[in-house]
2 protein chains.
Amino acid sequence: MELNDRKLKILQAVVADFINSAEPVGSRTLSKRDDIDVSPATIRNEMSDLEEMGYLTHPHTSAGRVPSDKAYRLYVDELMSHSELSPEEKDVIREKLDQGTEELDKTLEHASKVLSEMTNLVSFAVTPKVENKIKYINFLPVDESSVVLMIVCESGRVSNTAIRVNCPYTEENLTLMSKVATHNYSGMSVDTILTQDIMEEFERDLPQLAAMSSSVVPGFVKTLEKMLDVDLYVNGYKNVFALPEFKDVEKVKDVYDIVTNKDQFSQVLVNRDNGLVVTIGDENSPDLKDFALITADYKVNGKMVGRLGVLGPKRMKYDEVTSVIKYITDNLNQTFEIEGEVDDE
Amino acid sequence: MELNDRKLKILQAVVADFINSAEPVGSRTLSKRDDIDVSPATIRNEMSDLEEMGYLTHPHTSAGRVPSDKAYRLYVDELMSHSELSPEEKDVIREKLDQGTEELDKTLEHASKVLSEMTNLVSFAVTPKVENKIKYINFLPVDESSVVLMIVCESGRVSNTAIRVNCPYTEENLTLMSKVATHNYSGMSVDTILTQDIMEEFERDLPQLAAMSSSVVPGFVKTLEKMLDVDLYVNGYKNVFALPEFKDVEKVKDVYDIVTNKDQFSQVLVNRDNGLVVTIGDENSPDLKDFALITADYKVNGKMVGRLGVLGPKRMKYDEVTSVIKYITDNLNQTFEIEGEVDDE
DNA sequence: GTTAGCACTCAAAACATGTGAGTGCTAACA
DNA sequence: TGTTAGCACTCACATGTTTTGAGTGCTAAC
């Protein structure tokens, strides 16, 4: 059987209708549309064919049709309209984006927030772990019982942690430890450092400071480990409460589990293809089989530094959402091109 | 009418039963209990009296009794058992607490996590902005274009920020700035400092470093402002999904709104009395009228530096929860006391 | 004062019925 | 030959009815 024009038109209408209403779509409803002027009976025949071809399903005999994952895929690839955002929408987005640009490292997080506000879906942002080479390491005195550990990366990123120590120390000791740490680990990437037995190395190089080391090293290791973590921000979770597909608590819980199981979820996100990617239903991992996921990257000087996207029901306004995501990432990329030039001075 | 012993015993049984079952408690159920050996009819008479006195309510004529807020209050104040935690429970808690003590500023956050795990409720931690006196201020070199600002409070809390500077600096300059800043602001509370014209003071005391100051001070001010924010951590939100009172989505959403409206919620928390405080139902603000809130403080050297607690249904295991909170805060306080003693030597 | 007994209440479960949006099929039509 | 009207059929859902059972309140007897 072949997907002729009329079948495509009907399929498109079913998907579009279902996206709007979240209700199975019947033949009579479709026959009332302006762009379809055949009788319900004809539509039924076509829908029956479409079902046979795997594009539609039937919750039960006397219900309307619901799009299958295959139908959504076809819809996204071929059928849906690619409307440009209106100038007003663009202005709104740009204005929202501008409100969060003071703090450099919050930019992505903020962009994800804007994304959720514009789409009324759950949005997220993830910073993939990059080649994070250490430049130097510094232990600094704070007070009798704590020190600050400062790790500077070659990228310029600085990581600070306050560490509690349970033995007295002198400033010289700290300087010594800083020197040893920097000497041993400077130029290495964080994950390489973590493969080593850090405690042993400190004890070897600073036998006289064994007590200090045992007090400080665990915090040091923990900080390094944390630097490896990809950061995952989730925004707009409350949007699920408004969607009809989440009117029972179990579903709400499922989404909550997905977005709070950060390790697993960020893994999923990091492993995606580059660019604007839409995955629907069973194209995702099993726990996401009832959802659609849309992601896009943003880059600084051509290097991918973050990814953001939305998680929502398969019944999603794909055209709007992709437009918004695309506009936001384009904007971010542009911002950073300019910033990048300023930095180079 | 008087609350005689039998009435108290029955009331206690009703509350305890309802806390366990979340179902209205009937007279027959109570009559089966070992500690009550009067007939259902007698119990009914007593319950009828208790209802008249405002301790019990009746969802409908043919249903069992449900405790009123007044009953919960009496239960917490007088009726409930104050069981000690078992040694095993204590061990579990202490072990969990120990897993998160390397990073000083995460201690409270971690404790709140432990609290939610032990109680299966939503827990939170808040660092009130009260009495946040600065101990000293330190500008540290990172690389050519950035320095780290480290602010240490008397409470031991450390705040770090990377600040970008757009003029060359020497280590001596930074030391000078650190000294001036510490001299000027040490012992003052953050909000007091912010009322002053910080830029002018730097320029007055360090006229030779005007360029540096103008580059660094905005970041300094911003960091101070951020220190005024109370931090609110919420843990264990997913526990609400398991509670029968939250089986419809609206309720789940209510809790979500409460704990994510961080400004408002932290205001509520900060404004509470000190010590172990239990508020139930209409003792809370209207949006919390269906919940009970338990908080306790933790102190460093006798000074309150954080508050943590749980949010749950009024039907809460008050005895267990208060025991756990008390044990956790005692532990935190102790940890910090010991450190204080070590410090003194 | 306590309790057995009984009539009464009412939510919730179980069952029955009607409604309507939908289908699939067939036969007639253009 | 594709399209459509017509009709029997299906089935979720809403509505109405009945049954059940846990609970109460009252009264009279112990």
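All heavy atoms count here, side chains included; hydrogens, waters and symmetry mates do not. Proteins get letters first, then strands, A, B, ... in listed order; numbering begins at 1 in each.
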Requested in this report: Report yes if a side-chain nitrogen or oxygen of A:R65 is closer than 4.0 Å to either non-bridging phosphate oxygen (OP1 or OP2) of C:dG24; otherwise report no.
Outcome: yes

Report summary line: Per atom distances to the A:R44 side chain, the nearest of D:dT24, D:dA5, C:dT23 is C:dT23

**Report entry** Distance in angstrom units between B:L56 CG and D:dG23 P, rounded
**Finding:** 14 Å

Query raised in the report: Do the rings of B:Y318 and B:Y72 sit parallel, tilted or perpendicular, given the 30° and 60° boundaries?
Result: tilted

Query raised in the report: Less than 4.5 Å apart, any side-chain heavy atom of B:D17 and any of B:I19?
Result: no

Query raised in the report: Looking at B:Y256 versus B:Y237, is the centre-to-centre ring distance below 6.0 Å?
Result: yes

Report summary line: Checking D:dG23, C:dT23, D:dT4 against the side chain of A:A41 (C-beta onward), the nearest is D:dT4

Query raised in the report: In whole angstroms, how far is the P atom of C:dT9 from the NE2 atom of B:H60?
Result: 14 Å

Query raised in the report: Among D:dG25, C:dT23, D:dT10, which nucleotide sits nearest the side chain of B:S48?
Result: D:dG25

Report task. Take the protein atom CE of A:M47 and the nucleotide atom P of C:dG24, then report the distance between them rounded to whole Å. Result -> 8 Å

Query raised in the report: How long is the line joining CD of B:E23 and P of D:dA22, in whole Å?
Result: 13 Å

Report task. Compare the minimum distances between each of C:dG24, D:dT24, D:dT3 and the side chain of B:S27, then state the nucleotide with the smallest one. Result -> D:dT24

Query raised in the report: Counting side-chain heavy atoms from C-beta on, which of D:dG25, C:dT2, D:dA5 comes nearest to A:S39?
Result: D:dA5

Report task. Please determine if a side-chain N or O atom of A:T29 lies less than 4.0 Å away from the OP1 or OP2 oxygen of C:dG22. Result -> yes

Query raised in the report: Quick one: on DNA chain C, does B:P59 or A:V25 contact a more 5' nucleotide (nearest heavy atom)?
Result: B:P59

**Report entry** Candidates A:Y233, A:F291, A:F124 - the one meeting ring-ring contact (aromatic ring centres under 6.0 Å, His included) with A:F265
**Finding:** A:F124

**Report entry** B:N45 CG to C:dT2 P, straight-line distance once rounded to whole Å
**Finding:** 9 Å

Query raised in the report: Are side-chain N/O atoms of A:T295 and A:R307 paired as donor and acceptor at under 3.5 Å?
Result: no

Query raised in the report: With a non-hydrogen cut-off below 4.0 angstrom, is A:S62 in contact with a base, only sugar-phosphate, or nothing?
Result: base

Report task. Measure from CD on B:E2 to P on C:dG1 and round the result to the nearest Å. Result -> 14 Å

Report summary line: On a heavy-atom basis, the closest approach of B:A292 and B:N284 is CA-ND2, 4.3 Å

Query - Rounded interatomic separation in angstrom, taking CG from A:N4 and P from D:dT1 - result: 17 Å

Query raised in the report: With pairs taken as Watson-Crick or G-U wobble and both distances under 3.5 angstrom, which stems of at least three consecutive pairs involve DNA chain D?
Result: C:1-30 with D:1-30

Report summary line: When every non-hydrogen atom of A:S116 is compared with those of A:S123, the smallest separation belongs to CB-OG, 3.2 Å

Query raised in the report: Which whole-number value in Å describes the distance from A:I43 CD1 to D:dG2 C1'?
Result: 15 Å

Query raised in the report: Which part of the nucleic acid does A:T42 contact within heavy-atom distance under 4.0 Å: base, sugar-phosphate only, or nothing?
Result: base

Report summary line: In short, A:K251 meets A:E245 closest at the heavy-atom pair CG-O, 3.8 Å

